[in-house]
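Accompanying notes for the structure given below.
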Amino acid sequence: MNVPTNAYLIFSALLFAIGMAGFMIRRNVIVMFMCVELMLNAVNVAFVTFARSFGDVAGQVIVFFVMVIAAVEVVVGLAIIVAIYRRRESVSADDASVMKG
Amino acid sequence: MGKWVFLIPALPAAGAALLLMTRRIREPLAGWLATALVGGSFALSVAAALEVAKAHGDERRMVVSLGEWIAAGKFRAGFDFLVDPLSIVMILVVTGVGTLIHLYSIGYMHGDPRFSRFFAYLNLFAASMLVLVLGNNMILMFLGWEGVGLCSYLLISFWFEKDTAAAAGKKAFVTNRVGDFGFILGTLLLFANAGTLTILGGPGGGLLSAAPAMLTSGTITVATLLLFLGATGKSAQLPLLVWLPDAMEGPTPVSALIHAATMVTAGVYMIARLGPVFSAAPATMWVIATVGAITALVAATIALVQTDLKKVLAYSTISQLGFMFAAVGVGAFAMGIFHLVTHAFFKALLFLGAGSVMHAMNNTVDMRNFGALRKKMAVTWATWAVGWLAIVGIPPLAGFFSKDAILAADFEHGSAGKAIWLLLSLTAFLTSVYMSRATYLTFLGKARWSESEYHPHESPKTMTIPLIVLAGAAVLAGLLGVPKILPVLAHWLEPSVGEVHEPFGATQIVLLVIATVLAVAGIFVARAIWMGKNASERGDLLARLPGGASLYRFFENGWGIDPLYRLLFVKGGTAVAGALKWIDTKVIDGAVNGVARLVRGGGSEASKAQTGYVRNYALGVALGALLLIGGFVLVQIVTGG
Amino acid sequence: MKTSWPDILFFAIVCGIALGAALRVVLSKNAVHSALMLALTLFSVAVIFIAQSAPFLAAVQMIVYAGAVVVLFLFVIMLLGVDKNEDLRETLRGQRPAALGLALLFAVGTVGVIRLYGSGAPQAEAIALGADNVQLIADALFTTYLYAFEITAAPLLVAAIAAVVLAKRERPAKSLSESREDGSA
């Protein structure tokens with residue numbers, strides 16, 4: 001595959017931007033979580049790209065760790081969502097705004 | 001001299017501690033205990049006196065050291081007691097009169113809810129006064145000096161439920177602070193220049209020899225003037241005399257012990273104690289003599305118009321203290337101390353007599369409501385009469401000898417001394433008039449009280465026995481100082497105050513006669529005014545003279561000293577306090593509150609940024625990411641990447 | 001090495017699928033659709049990994065992400081019963097324009113930075129990441145990154161316990177003290 005390094009990085013940047021926009025636009029916490037996953041994947045793509053262009057496997061190892069932590073995060077995050085839903089009967093992030101100053 | 005001397009102040013101190021710490025000891029045990037302890041001190045004082053009497057010359061001045069108290073650098077202040085003829089005289093008076101007044105108080109304070117506490121304070125006072133008298137350094141003396149001031153405050157406002165009593169206590173305390181400030185400054189000045197505060201012994205031989213040798217005449221004048229300021233506070237001389245009349249709000253035994261016999265004489269004692277130091281400052285000495293003479297006259301004129309029996313005695317005390325200062329001011333320390341002793345006896349007697357009258361008359365003190373009490377209270381009347389004649393100066397009672405010794409001593413000292421003699425002679429005449437007035441209004445003449453309202457009766461034995469003993473002392477004390485023939489006291493004091501110069505010849509006899517004539521004349525003048533046919537309720541000749549009424553008011557107002565102080569210090573102080581309050585509330589609090597308001601306002605503004613919406617916060621995170629990218633680009637551009 | 005057009009075409013298709021699916025994740029009214037589109041994006045990224053000589057990561061991506069994570073999402077959506085269409089109208093004033101503006105600026109900024117400072121050249125194929133990929137990663141994981149690897153055990157354990165604790169249904173109408181008393185009794 002002979003595609004310029006920049007192309008991968010630009011793909012990564014756009015994927016990240018989409019995830020970012022989605023996180024800020026959507027109210028549904030579950031979807032917001034998916035957007036977080038999108039951003040994590042965007043970063044993973046960048047890591048893998050750099051690993052290849054520098055010929056260093058360390059970038060791939062970091063991706064591996066990111067995946068582990070992402071899995072952990074999903075587990076805990078979804079558990080929190082379930083707990084919040086039990087209390088509020090809602091998955092809207094805007095409903096959880098008692099910290100308003 | 002053994003270390004047991006420390007027991008003299010320690011016994012009453014222990015009594016005070018015991019009575020203050022436990023509430024179990026109640027009437028009358030507390031009173032008897034306190035009396036016994038002071039009596040024990042008296043017995044020990046007699047023993048000390050005998051021991052001193054056995055020694056000769058300079059050996060009569062003994063320093064008893066109980067150990068170090070303060071040691072800092074080259075400064076040393078120990079628990080050292082100076083037992084010498086001068087302090088022996090004082091401790092005998094303090095413990096002797098003190099014991100009698102303790103005894104008297106058992107009867108006088110009968111039924112008071114704070115009976116035990118009263119005796120605790122009295123004991124504490126006795127202990128403090130003994131420390132003051134015996135202390136061989138200025139620090140220890142100051143400890144006692146402040147101790148008696150505290151006790152004075154506590155006892156004046158003993159009946160603190162009464163607003164006037166509480167205020168009088170505060171006034172006494174605050175006025176004394178002014179004097180104490182002088183005392184401290186004078187002490188520090190002495191230390192800075194002489195390098196020691198020990199009175200006798202130690203490096204340089206102590207203050208008595210070091211201070212005159214090492215201080216320049218200017219410094220020693222300033223130092224002694226400052227110490228004299230302390231004396232004017234404690235002994236109620238001009239300009240700090242205002243507190244003593246108000247101090248009569250306290251129980252009468254307190255007035256007798258503290259505000260007549262002992263504490264107020266501390267100033268005189270202090271000057272006599274530091275006699276060589278004061279003698280080295282002639283200017284100060286003249287100030288002392290002049291202040292004493294003027295105070296004596298001023299106080300006598302005020303006493304002339306008082307209607308409150310205790311206030312008459314209070315102003316009389318101020319006046320008599322003026323006599324003592326006039327004596328020590330010309331270097332006649334022995335005469336000053338002699339008058340101090342006789343005055344302690346007859347003034348304590350008069351106060352206790354007044355207390356006995358008040359006891360009989362439901363605590364009335366207005367002489368206009370008395371009269372003809374002679375028949376109802378035989379013992380009180382008889383003892384009062386002794387005190388009255390003693391203070392007036394009728395031979396051979398105590399006052400006659402001591403007062404005339406002072407008059408003669410002042411007459412010796414040039415024209416200025418003669419002027420002082422003139423003032424004091426006039427004062428002696430006025431003394432005779434106002435004391436006779438008080439006597440006539442109280443014990444003689446017609447009864448101006450109704451039988452239905454008052455039931456005057458003789459006081460209990462605990463009160464009359466001290467009166468009788470004191471009356472005996474007032475009769476006999478004069479014999480301590482019969483000039484030429486029997487100068488016991490002067491001779492006794494010589495190791496402490498130096499050789500006493502007491503000439504006796506034709507001049508002195510003439511002076512004696514003049515003084516006696518003035519005293520007798522005073523009695524007759526008073527009799528004419530207050531016992532005569534025209535003697536009205538008020539019965540004041542002065543008020544009937546042309547222009548006399550305004551003079552009368554002037555005297556009645558205490559020469560306007562109190563109103564002047566009220567205007568100067570109370571009003572001035574209130575104004576300053578008001579200004580400071582304004583600064584405090586507006587400027588200081590304003591700054592503090594302003595900062596708080598600023599923070600709170602800023603906080604509530606900033607808290608509006610906290611919308612509580614996660615997605616809003618995410619906007620902030622995104623903005624931060626953008627700024628990072630911007631920063632990266634900026635750095636690249638700047639570094640030329 | 002010269003740029004080969006078939007490669008670029010393949011890359012463009014995969015990227016297009018990934019970005020399109022990502023957009024659908026954001027824009028779907030139904031959370032179930034979002035989850036499915038997320039799975040598609042994750043597949044596409046796995047393909048990119050393979051193209052980037054990272055077959056091991058591609059496999060993990062498929063199994064862990066596209067498999068476990070997406071299934072977990074779907075599971076929760078179904079469990080909570082929120083698989084209905086939702087109203088996408090914005091309720092917070094100024095939130096949407098600000099969000100879109102910031103995202104756009106971010107995209108422009110990062111792409112600009114990549115264009116300015118990145119390398120336009122095709123990738124070198126200098127290292128054989130593909131062939132011994134699993135061994136290489138294993139070497140790194142169990143030597144250089146051994147401690148980090150072992151520490152990941154801790155968050156995994158915490159997550160497992162936390163999920164149980166958080167998702168546990170509390171017994172209603174019983175205060176904490178009462179339940180304590182129950183425990184002691």
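Naming convention: chains lettered A, B, ... in sequence-line order (proteins, then strands); numbering from 1 in each chain.
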Mind checking whether [X] and [Y] have side chains closer than 4.5 Å, heavy atoms only?
X	Y	answer
A:Asn6	C:Arg115	no
A:Val48	C:Ile48	no
C:Val26	A:Phe23	no
A:Leu78	C:Phe75	no
A:Asn41	C:Thr41	no
A:Asn44	C:Val45	no
C:Leu100	A:Met24	no

Exercise. Do the charged groups of A:Arg26 and C:Glu86 touch, with an N to O distance under 4.0 Å?
Worked result: yes

Exercise. More than 12 non-hydrogen atoms from neighbouring residues, nucleotides or ligands closer than 6.0 Å to CZ on C:Arg24, yes or no?
Worked result: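 Result for CZ/C:Arg24: open.
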
Nearest heavy-atom neighbours spanning [X] and [Y]:
X	Y	result
C:Ala140	A:Val57	CB-CG1, 4.0 Å
A:Leu15	C:Ala18	CD1-O, 4.5 Å
A:Arg27	C:Arg89	NH1-O, 2.8 Å
C:Ala103	A:Met20	CA-CE, 4.1 Å
A:Val72	C:Pro155	CG1-O, 3.7 Å
A:Met34	C:Ala31	CE-O, 3.7 Å

Contact part of [X] toward chain C, heavy-atom cut-off under 4.5 Å: side chain, backbone, both or neither?
X	answer
A:Phe64	both
A:Leu40	side chain
A:Ala42	neither
A:Val45	both
A:Asn28	both

Between [X] and chain A, with a heavy-atom cut-off of 4.5 Å, which part of the residue counts as in contact: side chain, backbone, both or neither?
X	value
C:Ala98	neither
C:Leu104	neither
C:Glu90	both
C:Thr91	both
C:Phe56	side chain
C:Ala68	neither
C:Phe106	side chain
C:Leu38	side chain

Quick one: of [options], who has the most non-hydrogen atom pairs under 4.5 Å with chain A?
options	answer
C:Val69, C:Leu156, C:Val158	C:Leu156
C:Ala12, C:Ala162, C:Ala35	C:Ala35
C:Val64, C:Asp139, C:Leu72	C:Leu72
C:Val76, C:Leu80, C:Val165, C:Leu92	C:Leu80

For this session: Anything under 30° is parallel, anything over 60° is perpendicular, the rest tilted; go ahead and classify A:Phe65 against C:Tyr145.
Result: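 Because their plane-to-plane angle is over 60°, the rings of A:Phe65 and C:Tyr145 count as perpendicular.
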
Exercise. Top residue by heavy-atom pair count (under 4.5 Å) with chain C, among A:Ile69, A:Leu38, A:Val76, A:Leu14?
Worked result: A:Leu38

Problem set entry | Pick from A:Val82, A:Val31, A:Ile10 with the largest number of heavy-atom pairs that fall under 4.5 Å of chain C | A:Ile10

Quick check for you: to the nearest 0.5 Å, what is the distance between [X] atom [atom1] and [Y] atom [atom2]?
X	Y	atom1	atom2	result
C:Leu166	A:Ile80	CG	CD1	5.5 Å
A:Ile25	C:Arg96	CD1	CZ	6.0 Å
C:Ser34	A:Phe33	OG	CZ	14.5 Å
A:Leu9	C:Thr110	CG	OG1	10.0 Å

For this session: Show your reasoning for whether side chain to side chain contact (heavy atoms under 4.5 Å, CB included) applies to A:Val63 and C:Val60.
Result: CA-CA 10 Å; A:Val63 171; C:Val60 175; over 6 Å; no

For this session: Measure centre to centre between the rings of A:Tyr8 and C:Phe11, then say whether the value is under 6.0 Å.
Result: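 That pair passes the under 6.0 Å test.
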
For this session: Using only heavy-atom distances, determine whether the side chains of C:Asn133 and A:Gln60 contain a donor-acceptor pair under 3.5 Å.
Result: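 A pair is found: one side chain offers a donor N or O, the other an acceptor, under 3.5 Å apart.
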
